[in-house]
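Fair warning: this is a prediction, and the values are worked out from it, not measured in the lab. When a ligand or atom number is given, it counts from 1 through the structure's own listing order.
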Amino acid sequence: MNTHYDELNARKQQASPRGVGVLCQWYVEKAENATIWDQQGQAYIDFAGGIAVLNTGHRHPKVIAAVQAQLEKFTHTAYQIVPYQSYVTLAERINQLAPIAGPAKTAFFTTGAEAVENAIKIARCYTGRHGVITFGNSFHGRTFMTMAMTGKTAPYKREFGVMPSGVFHARYPHRLGGISVDAAMASIDDVFSEDIAPQDVAAIVLEPVQGEGGFNVVPADFLKRLRALCDRHGILLIADEVQTGFARTGRLYAMDHFDTKADLITMAKSLGGGFPISGVVGRAEVMDAPNPGGLGGTYAGNPLAVAAAHAVIDVIEEEKLCERANALGAMLVAQLDALKSRVDHITDVRALGSMVAVEFEAAEHAKTIQNYAMQHGLLLLTCGKYANVIRFLYPLTIPQAQFQQGLDILQQAILSLKTDQITQAVG
Ligand code: PMP
């Protein structure tokens, strides 16, 4: 028992609502690259990366230097009132880097949900239609529209009342779940015949790799067929890359892995390297649909976060983080594949670059591993429809020796499942 944290957790219970669920029972003091230290000096290897925000690690020196330099100049003017050049140059960089066909434009916001909300506003404005199709098992955020779009009721939508209308869910292809590409396509036809006619649909929104939903990678064929379907009916295709973006999958954007192009891409998380910034990039013609004043926000494209984002893109290029994502991901997958043959409870190992997941028979298995790892100084996150998946979101800048140390703890954690005690607990 730890009196300091017991006391603090009791105060936390009193001071803030239980709806903000918290994983760790300890409190951070400082963090550097892939290490977090708690208030009592205990170190943790961070395989959670602040939920996919820290592909460039905690406090990357270049990110910190860029933000410090910006702090000396100005911290806020509201871009819509007094613009700054760094916003324009960041938009130019993203327009050039993002896999959008033809000329592109970018607008910045603050959170992932805000980027998704704005992508829907832009799509509705451009098409003059209202409908939005998303997928079962998806996650798009906690604001009202993104909550409606999210394909999971508990804990995200349950007891939060009536959702905004015009949002319909189709099936995301899922090999283990028995949803083939044909079945997923057929589910969109069902939406068209049962819920909303295709000519009323503004956009189909999908995560190229479902994040919270279990790191399910979209089949290339499904994307291609979705694109053809969208083109046939004048529907926009939106890729939500809030979790997949900025080198995590071994390319700057997950959509870079595919020939298919989206009309709009949302991004957030690792774009800011720990500072809150999000964006929507898209075909210039589509992005220009809303009238002046229709897009924006007081803090949208905050100058400190914009400075951080410039540094993040520099670091990804200079430190070849896409290549590193592939190398680290391959090491982890090799280890997990080897464990799969020894541990019956593992049902799947899947990955795109360093977006790696290992799926277990039951949530209890994932929870047991997460707890074991935490006790041994490794921070892991779960995900998936049944919370039975462990996902890996370590900084791509993690030193090799520390990565190996993390893998060693992970291996012990997974092998701990073999004990009778756990089998009984799950049993
Ligand atoms: N879209 C996706 C794919 C996400 O993974 C998330 C966050 N997990 C969001 C949107 C929402 O982002 P935020 O929490 O920054 O609003």
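Below 3.5 Å of separation, one finds no N or O of Glu207 facing any N or O of ligand 1.
Within the structure, the salt bridge (Lys or Arg N to Asp or Glu O under 4.0 Å) test picks out the following pairs touching residues 269-289 (sequence neighbours left out): Lys105-Asp288, Asp263-Arg283, Arg283-Glu285.
Only side-chain heavy atoms of Glu212 come within less than 4.0 Å of ligand 1; its backbone N, CA, C and O stay farther off.
Side-chain contact check for Ser354 and Tyr394: at least one donor-acceptor pair (N or O, by modelled atom type) lies under 3.5 Å. His58 and Asp46 share a side-chain donor-acceptor pair at under 3.5 Å. There is no side-chain donor-acceptor pair under 3.5 Å between His310 and Ser86.
In the displayed structure, Gln85 atom CD is contacted under 6.0 Å by at most 12 heavy atoms of other residues, nucleotides or ligands.
The closest approach between a heavy atom of Gly112 and any atom of ligand 1 is below 4.0 Å. Taking 4.0 Å as the cut-off, Ile51 does not count as a neighbour of ligand 1 on heavy-atom distance. Using a 4.0 Å heavy-atom cutoff, Glu241 is absent from the residues neighbouring ligand 1.
Heavy-atom contacts of Lys269 reach the following atoms of ligand 1: 5 (O), 6 (C), 7 (C), 8 (N) (cutoff under 4.0 Å). Residue contact check: Gln243 has heavy atoms under 4.0 Å from atoms 5 (O), 8 (N) of ligand 1. Here is the list of ligand 1 atoms found below 4.0 Å of a heavy atom in Ala113: 11 (C), 12 (O), 13 (P), 16 (O).
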- [ ] Please report the C-alpha distance between Asp314 and Arg93 in whole Å, then the side-chain angles of each, then the deciding distance to 0.1 Å, and finally whether the salt bridge (Lys or Arg N to Asp or Glu O under 4.0 Å) criterion is met.
- [x] CA-CA 11 Å; Asp314 290 342; Arg93 289 182 88 177; 2.7 Å; yes
Task: Steps toward salt bridge (Lys or Arg N to Asp or Glu O under 4.0 Å) verdict (Lys152, Glu212) - done: CA-CA 10 Å; Lys152 190 173 183 184; Glu212 304 302 312; over 6 Å; no
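Of the possible polar contacts, none joining the Glu359 side chain to the Asn388 backbone as a donor-acceptor pair under 3.5 Å is found.
Nearest protein heavy-atom neighbour of atom 2 (C) of ligand 1: Phe139 O, 3.4 Å. In this structure, atom 1 (N) of ligand 1 lies nearest to the protein heavy atom Asp240 OD2, 2.7 Å. In terms of protein heavy-atom proximity, atom 10 (C) of ligand 1 is nearest to His140 O, 3.2 Å.
Protein heavy atoms are found inside the 4.0 Å sphere centred on atom 8 (N) of ligand 1.
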